[in-house]
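For reference, the structure is listed below as structure tokens.
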Amino acid sequence: DTEVTQTPKHLVMGMTNKKSLKCEQHMGHRAMYWYKQKAKKPPELMFVYSYEKLSINESVPSRFSPECPNSSLLNLHLHALQPEDSALYLCASSQGSHSKDYGNTIYFGEGSWLTVV
Amino acid sequence: QKEVEQNSGPLSVPEGAIASLNCTYSDRGSQSFFWYRQYSGKSPELIMFIYSNGDKEDGRFTAQLNKASQYVSLLIRDSQPSDSATYLCAVYGSQGNLIFGKGTKLSVKP
């Protein structure tokens, strides 16, 4: 069982709505991530938080707004989304800061399925 | 330029056979290599990671790494229908991001 917990598992929202996706981990990991995955595609990195600071924003539109209230929590605030934003949103965490060095294994949560209507 | 290449498949093997999944990468400085399994409609699940040249075994799974050839593979012995899934190869790229291949869809036929 994954130790990265995401809520809600499913979300349907209108293009004028404001909603949030939530993620929590209790593994003591210091890096947390948001990925977006469309059908039959690999996960695409959106944001990385390292030690509660935003370290990577992969040119994500401002209608997606991440927030890291503390080292265990990660939110993704959604506003004025488009139907093409419908996807599986994956939260993940890793032990160390975001790095290509040894030991930085990324663990995924179960994901939040988002449908924008 | 793609950094991680995988054959998208589908790869079909009979139950009990060895499934061989392959991945090549372009960044010679890559040090960490991962295999994730993703069932349809589910999130990626870590199967194995490997850092050193050679083989690493975990139950029915063996990861093989050849840094000189920039090649990493995953062997699944005694394949079961429950192994049917998409297998994602992931490599840390030069920018420090985990780069995923497009995944290989494996189908194990009873």
Side-chain angles (χ1 to χ4, degrees), chain A residues 1-7 9-10 21 23 25 27 29 31-50 55-60 86-115, chain B residues 2-10 21 23 25-53 56 58 63 65 67 70 72 85-107:
Chain A
D1 287 343
T2 180
E3 294 185 65
V4 179
T5 304
Q6 290 187 243
T7 56
K9 289 191 171 19
H10 297 274
L21 303 180
C23 176
Q25 59 88 13
M27 295 181 281
H29 288 176
M32 296 187 75
Y33 310 76
W34 280 114
Y35 283 83
K36 172 183 176 180
Q37 188 176 25
K38 302 280 277 186
K40 300 188 188 303
K41 299 287 187 184
E44 288 178 39
L45 183 65
M46 299 175 72
F47 302 104
V48 180
Y49 274 83
S50 183
S55 60
I56 293 178
N57 176 340
E58 290 286 353
S59 302
V60 179
S86 299
L88 177 64
Y89 287 84
L90 295 162
C91 176
S93 69
S94 63
Q95 186 172 16
S97 58
H98 187 61
S99 165
K100 67 175 183 176
D101 296 330
Y102 302 117
N104 203 34
T105 304
I106 290 180
Y107 297 92
F108 288 91
E110 293 187 349
S112 292
W113 286 95
L114 173 67
T115 302
Chain B
K2 295 181 181 177
E3 296 193 43
V4 180
E5 296 271 4
Q6 289 183 260
N7 187 328
S8 61
L21 304 160
C23 173
Y25 60 94
S26 58
D27 183 354
R28 283 196 171 275
S30 298
Q31 299 175 356
S32 307
F33 307 87
F34 304 85
W35 283 100
Y36 288 86
R37 176 176 64 197
Q38 188 169 25
Y39 291 112
S40 180
K42 301 293 187 182
S43 65
E45 172 193 8
L46 181 70
I47 296 295
M48 293 193 71
F49 57 85
I50 186 167
Y51 306 138
S52 304
N53 273 331
K56 179 181 179 183
D58 183 0
L65 175 61
K67 290 186 178 180
Q70 294 176 244
V72 59
T86 295
Y87 289 80
L88 297 163
C89 173
V91 177
Y92 271 108
S94 57
Q95 301 301 315
N97 296 344
L98 189 64
I99 308 297
F100 285 89
K102 289 190 173 182
T104 297
K105 187 172 182 179
L106 173 66
S107 177

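When reading the values below, keep in mind they use all heavy atoms of this one structure, side chains included, and skip hydrogens, waters and symmetry mates. A quick note: this is a predicted structure, and the numbers were derived from the prediction, not measured. Proteins come first, then strands; the chains are lettered A, B, ... in the order of their sequence lines, and each starts at number 1.
Heavy atoms closer than 4.5 Å to chain B are found nowhere in A/Gln6, neither backbone nor side chain. Using a 4.5 Å cut-off between heavy atoms, B/Glu45 does not touch chain A at all.
Residues satisfying the side chain to side chain donor-acceptor pair (under 3.5 Å) criterion with B/Ser8, sequence neighbours excluded, are absent altogether. Qualifying salt bridge (Lys or Arg N to Asp or Glu O under 4.0 Å) partners for A/Glu44, counting only residues two or more places apart in sequence or in other chains: none.
The most heavy-atom pairs under 4.5 Å with chain B, out of A/Pro43, A/Gly111, A/Ala39, come from A/Pro43.
Among B/Val72, B/Leu65, B/Thr104, the one residue that satisfies the side chain to side chain contact (heavy atoms under 4.5 Å, CB included) test with B/Cys23 is B/Val72.
Between A/Asn104 and A/Gln95, the shortest heavy-atom contact is OD1-N, 4.0 Å.
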